[in-house]
Amino acid sequence: MSKLYGDPIEVWTRGGQPVQFVWRDRLYTIREVQDHWVVAREWWKTSDNDPGERRFWRVAAADGREIGTYELRFDSAGGVWLLLRAWD
């Protein structure tokens, strides 16, 4: 079962992929990228220069105690990362 969040997070990347993130004051290290996809839609573009892309990653990540599955989103229009979903 998963829970929806939509919380802003701080993310560190390497080669364009997330490698660590901070969520609710905890540092998570990404152990595996399980899936990655890009959705491009015209309706959320903020300007003609904005590609209007949202990039998604489903990852296995650990905060030092246990590993969980999380869905992260990068919104290219605002440069904002969100933790969208977490699985139990």
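- Placement of V19 and V33 in two distinct hydrophobic clusters is found when ILVMFWY residues are connected by side-chain heavy-atom separations under 4.5 Å, directly or transitively.
- Put simply, CG on D75 and CZ on R54 are 5.0 Å apart, with the number rounded to the nearest 0.5 Å.
- Taking 4.5 Å as the limit, some side-chain heavy atom of E71 sits within range of a side-chain heavy atom of W87.
- Once rounded to the nearest 0.5 Å, the distance linking NE2 of H36 with CG of L72 reads 10.5 Å.
- R31 places a side-chain heavy atom less than 4.5 Å from the side chain of I67.
- As a member of the Ile/Leu/Val/Met/Phe/Trp/Tyr network built from side-chain separations under 4.5 Å, V38 groups with nothing else and remains a singleton.
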Between L27 and Q20, is a side-chain contact (heavy atoms from CB on, under 4.5 Å) present by the stated rule, with each step listed? CA-CA 7 Å; L27 176 65; Q20 289 184 318; 4.0 Å; yes
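- Tracing side-chain contacts under 4.5 Å through hydrophobic residues (I, L, V, M, F, W, Y), one never reaches F56 starting from W81; they form parts of separate clusters.
- Contact check for V80 versus F74: no side-chain heavy atoms found under the 4.5 Å cut-off.
- Atom CZ in R73 sits 5.5 Å away from atom CG in L84 (nearest 0.5 Å).
- Side-chain atoms of Y28 and Y70, non-hydrogen and from C-beta on, do get closer than 4.5 Å to each other.
- Salt bridge status for E53 with R55: present, with a side-chain N to carboxylate O gap under 4.0 Å.
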Please list, one pair per line, the donor and acceptor atoms closer than 3.5 Å that link side chains of residues 5-18 to other protein atoms, with sequence neighbours excluded.
{"from": "D7", "atom 1": "OD2", "to": "W23", "atom 2": "NE1", "distance (Å)": "2.9"}
{"from": "D7", "atom 1": "OD2", "to": "R24", "atom 2": "NE", "distance (Å)": "3.4"}
{"from": "D7", "atom 1": "OD2", "to": "R24", "atom 2": "NH2", "distance (Å)": "3.3"}

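- Side-chain contact check for W57 versus F21: every heavy-atom pair is 4.5 Å or farther apart.
- Residues forming a side-chain contact (heavy atoms from CB on, under 4.5 Å) with D35 (at least two apart in sequence, or on another chain): W37, R58.
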